[in-house]
Student: 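Dumping the structure here so I can ask a few things about it.
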Amino acid sequence: MSWRATVLTLFPEMFPGPLGQSLAGRALERGLWSLQTEDIRAAATDRHGTVDDTPFGGGAGMVMRPDIVAAALAGVTDDRPAVFLTPRGRPLTQATVHRLAAGPGIVLLCGRYEGVDQRVIEAAGLEEISVGDYVLSGGEPAAIVLLDACVRLLPGVMGAAASAEDESFSAGLLEYPHYTRPAEWQGRRVPEVLLSGHHAAVAAWRRAEAERITRERRPDLWAAYLVATAGASVATATRAP
Ligand code: ADE
């Protein structure tokens, strides 16, 4: 059975969206994964299709009712992990993406950002995941991000070259810069070492560039990398910032 994604949302028409195109879209057509959407509003019990209510304790915004969300989840949950997309969640990492892609699939709950009643998150054992430290208007774009990251790792979706590239991020460094023809463009030359045909020198340059850029842009990743590679040779570790 191929990897199965089910998305619970108030906006099913947002899917597949970008996931119907390019790599993920071709993989969908080829049956390497499947995507099912469930309209949360279908679980509403009144004739207005009410899914939310005002927060206990007061305050702005509306909160999704636990009974409605539980009923929507009950129809789709099986052995797959169930995730609630929220800026309050643990940050999504490539390690999490690998874990989720290695399983049978995923159930994603897209809520309104003001909130979902905490009791149903606990009762259903939902894993809370954030795609970054910013606030989206809903969980749907976050679900698309998470699904895209998982689908590209599924067997048969990518060629060997791209999976090797993923390994380089998993190693804890940002990627080195890329260049192609022409060798000179608008007075800017490609770094000479890349034209040298000297494979070891190219590899050393790329590693040094990956380390430099990680150190400059992501002190958090750089610190973790230094710990992980303690004792091993780090090309630029001792160089002043
Ligand atoms: N919903 C709103 N903002 C989000 C975020 N940053 N990550 C995941 N889900 C969200």
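Remember, it's 1-based here, ligands and their atoms both numbered in the order they're listed.
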Student: Side-chain donor-acceptor pair under 3.5 Å between R80 and T6, yes or no?
Tutor: yes
Student: How close do L154 and L32 get, heavy atom to heavy atom, and via which atoms?
Tutor: CD1-O, 3.9 Å
Student: Could you establish whether G138 and ligand 1 come within less than 4.0 Å of each other, counting only heavy atoms on the residue side?
Tutor: yes
Student: Once rounded to the nearest 0.5 Å, what's the spacing between atom CG of L85 and atom CG of L146?
Tutor: 6.0 Å
Student: T86 to ligand 1: N or O pair under 3.5 Å?
Tutor: yes
Student: Which of the numbered atoms in ligand 1 are under 4.0 angstrom from any heavy atom belonging to L85?
Tutor: 8 (C), 9 (N)
Student: Is V131 close to ligand 1, meaning an N/O of one under 3.5 Å from an N/O of the other?
Tutor: yes
Student: Enumerate the atoms of ligand 1 whose separation from the nearest heavy atom of A142 is less than 4.0 angstrom.
Tutor: 8 (C), 9 (N)
Student: State if D133 counts as touching ligand 1 under the rule of any non-hydrogen atom under 4.0 Å.
Tutor: no
Student: Would you name the heavy atoms of F84 and G111 that are closest together and state the gap between them?
Tutor: CE1-N, 3.8 Å
Student: Side chain or backbone, does I129 bring an N or O within less than 3.5 Å of an N or O on ligand 1?
Tutor: no
Student: Counting only N and O atoms by type, is there a donor-acceptor contact under 3.5 Å from the side chain of W3 to the main-chain atoms of A102?
Tutor: no
Student: Do you know the tightest heavy-atom contact between I68 and A44?
Tutor: CD1-CA, 3.8 Å
